[in-house]
**Q** 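Attaching a single structure in structure tokens format; questions to follow.
For reference, positions follow the sequence shown, starting with 1. Remember, it's 1-based here, ligands and their atoms both numbered in the order they're listed.
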Amino acid sequence: MQYQATHLVVMGVAGSGKSTIAAALSRQLGWACAEADEFHPRSNISKMTQGIPLEDGDRWPWLQEIQDWMTTQAAAGTSTVLTCSALKQTYRELLSGADGRVLFIHLDGGAELISQRMQGREGHFMPPTLLPSQLATLEPLTTGELAAGSLRLDIALPPQEIVAAVIAALGVPANAATSSS
Ligand SMILES: Nc1ncnc2c1ncn2[C@@H]1O[C@H](COP(=O)(O)OP(=O)(O)OP(=O)(O)O)[C@@H](O)[C@H]1O
Ligand SMILES: O=C(O)[C@H](O)[C@@H](O)[C@H](O)[C@H](O)CO
């Protein structure tokens, strides 16, 4: 099947490096970039800021908005890079309903490393105390999802190696990926 657009959903728990990797991928591929956190209603941000984990009911309308955004971009022939936790397979199924080819890039790593990174950053609404619930909710990519082209990458690698691995796996035409970092 020929797709008009590809959507790379950079997924994983809070603090796994989604924003860092998505920004670099978007820069190198020249694709539009969006942060799923910008689609959350104020009530979701308020909950998380208070250290209260989101539930399915908080996430469905938010995920639908993100799916709609991807479809709008695809209608204009625009490929995208998105950050989105996409913790459960059912959430990924909803996102995969967007027009275009939807691939997930799971930034996978251990609790200790992610916790250290969350504690090392400043000015973010997400408290490190929510990491255990994020990890408990996470459903790793299934063999079916991996066979369909989604990828799991180890966040112990430096960002430039993660980005290079994604671009190599995508097999994008040489003119779509630039050498700038
Ligand atoms: N591969 C990496 N190696 C070293 N440090 C990294 C790597 N990826 C991200 N970081 C650092 O880890 C911290 C968390 O990364 P980032 O904010 O991109 O995660 P996130 O998944 O977008 O978080 P959130 O979902 O909570 O917004 C940042 O300080 C970032 O600079
Ligand atoms: O599904 C969720 O619980 C949320 O999307 C969280 O993962 C955060 O919004 C994000 O990671 C920012 O820290």
**Q** In this structure, does ligand 1 have an atom that sits under 4.0 Å from one of the heavy atoms of Thr83?
**A**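 No, that is not the case, since the closest heavy atom of the residue is not under 4.0 Å from the ligand.
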**Q** Heavy-atom contact check, 4.0 Å cutoff: does Ser16 meet ligand 1?
**A**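 True for this residue.
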**Q** With heavy-atom distances below 4.0 Å as the criterion, list the atoms of ligand 2 near Arg59.
**A**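 Checking each atom against Arg59, I get 1 (O), 2 (C), 3 (O).
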**Q** Give the atom numbers and elements of ligand 2 that come within less than 4.0 Å of a heavy atom of Met126.
**A**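 Near Met126, meaning under 4.0 Å from one of its heavy atoms, ligand 2 has 6 (C), 13 (O).
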**Q** Among all protein heavy atoms, pick out the one at the shortest distance from atom 27 (O) of ligand 1; state its residue, atom name and that distance to 0.1 Å.
**A**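 The answer is His124 NE2, 2.8 Å.
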**Q** For atom 19 (O) of ligand 1, what is the nearest protein heavy atom, given as residue, atom name and distance?
**A**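 The answer is Gly17 N, 3.0 Å.
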**Q** At under 4.0 Å between heavy atoms, which part of Ser85 makes contact with ligand 2: side chain, backbone, both or neither?
**A**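 It is the side chain that gets close, since no backbone atom is under 4.0 Å.
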**Q** For Leu95 and Leu63, which heavy atoms make the closest approach, and how far apart are they?
**A**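 Shortest heavy-atom separation between Leu95 and Leu63 comes out as CD2-O, 3.7 Å.
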**Q** Among protein heavy atoms, which lies nearest atom 18 (O) of ligand 1, and at what distance?
**A**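 Checked against all protein heavy atoms, atom 18 (O) of ligand 1 sits closest to Thr20 OG1, 2.6 Å.
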**Q** Which atom names give the shortest non-hydrogen contact between His7 and Thr80, and what distance separates them?
**A**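 That would be ND1-OG1, 2.8 Å.
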**Q** If you count the atoms of ligand 1 from 1 in the order shown, which ones are under 4.0 Å from a heavy atom of Ala14?
**A**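 Here the atoms of ligand 1 in question are 25 (O), 26 (O).
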**Q** Can a side-chain donor-acceptor contact be found between Thr71 and Gln67 if the only test is distance below 3.5 angstrom?
**A**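 No, no side-chain donor-acceptor contact under 3.5 Å.
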**Q** Taking all atoms of both residues into account, what is the closest heavy-atom pair of Ala98 and Met70, and its distance?
**A**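 Reported closest heavy-atom pair: CB-CB, 3.7 Å.
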**Q** Please write down residue, atom name and distance for the protein heavy atom closest to atom 1 (N) of ligand 1.
**A**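 It is Leu157 O, 2.9 Å.
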**Q** For atom 7 (C) of ligand 1, what's the nearest protein heavy atom and its distance?
**A**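 Ranked first by proximity to atom 7 (C) of ligand 1 is Arg117 NH1, 3.4 Å.
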**Q** For Pro158, is at least one N or O under 3.5 Å away from an N or O on ligand 1?
**A**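 N/O-N/O distance under 3.5 Å: no.
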**Q** Any chance the side chains of Glu35 and Ser19 put a donor and an acceptor closer than 3.5 Å?
**A**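 Yes, a side-chain donor-acceptor pair sits under 3.5 Å.
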**Q** Can you tell me which residue among Glu38, Lys18, Met11 is in a side-chain contact (heavy atoms from CB on, under 4.5 Å) with Thr83?
**A**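 Single pass found, and it is Lys18.
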**Q** Would you indicate which of Met118, Arg121, Lys18 comes nearest to atom 23 (O) of ligand 1 when only heavy atoms are counted?
**A**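 Residue with the shortest heavy-atom distance to the ligand atom: Arg121.
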**Q** Does the side chain of Ile155 come within less than 4.5 Å of Arg117's, by heavy atoms?
**A**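 Touching, per the 4.5 Å side-chain cut-off.
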**Q** Which atoms form the tightest heavy-atom contact between Ala169 and Leu151, and what is the distance?
**A**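 Minimum heavy-atom separation between Ala169 and Leu151: CB-CD1, 3.7 Å.
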**Q** Quick check on contacts: which atoms of ligand 2 are under 4.0 angstrom from a heavy atom of Ala14?
**A**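 Counting from 1, the qualifying ligand atoms are 11 (O), 13 (O).
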**Q** Output the list of atoms in ligand 2 that are nearer than 4.0 Å to some heavy atom of Met48, sorted by atom number.
**A**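 Matching atoms, with element in brackets: 4 (C), 6 (C), 8 (C), 9 (O).
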**Q** Which protein non-hydrogen atom lies closest to atom 12 (C) of ligand 2, naming both residue and atom, and how far is it?
**A**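 Result: Asp37 OD2, 3.1 Å.
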**Q** Any atoms of ligand 2 less than 4.0 Å from a non-hydrogen atom of Gln134? List them with their elements.
**A**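 By the 4.0 Å cutoff, the relevant atoms are 2 (C), 3 (O), 6 (C), 7 (O).
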**Q** Using a 4.0 Å heavy-atom cut-off, say whether Trp62 meets ligand 2 through its side chain, its backbone, both or neither.
**A**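 Just the side chain.
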**Q** Heavy-atom contact check, 4.0 Å cutoff: does Pro159 meet ligand 1?
**A**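 A heavy atom of Pro159 does come that close to ligand 1.
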**Q** Under a 4.0 angstrom heavy-atom cut-off, which atoms of ligand 1 come close to Ser19?
**A**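 Those qualifying, in numeric order: 18 (O), 20 (P), 22 (O).
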**Q** Between Ile155 and ligand 1, which residue portion shows a heavy-atom distance shorter than 4.0 Å: side chain, backbone, both, or neither?
**A**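 The answer is the backbone of Ile155.
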**Q** Just to confirm my output: which protein heavy-atom neighbour is closest to atom 14 (C) of ligand 1, and how far is it?
**A**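 Closest protein heavy atom to atom 14 (C) of ligand 1: Gly15 O, 3.7 Å.
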**Q** Going by the angle between their ring planes, with limits at 30° and 60°, are Trp60 and Tyr91 parallel, tilted or perpendicular?
**A**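 The arrangement is perpendicular - the two ring planes meet at more than 60°.
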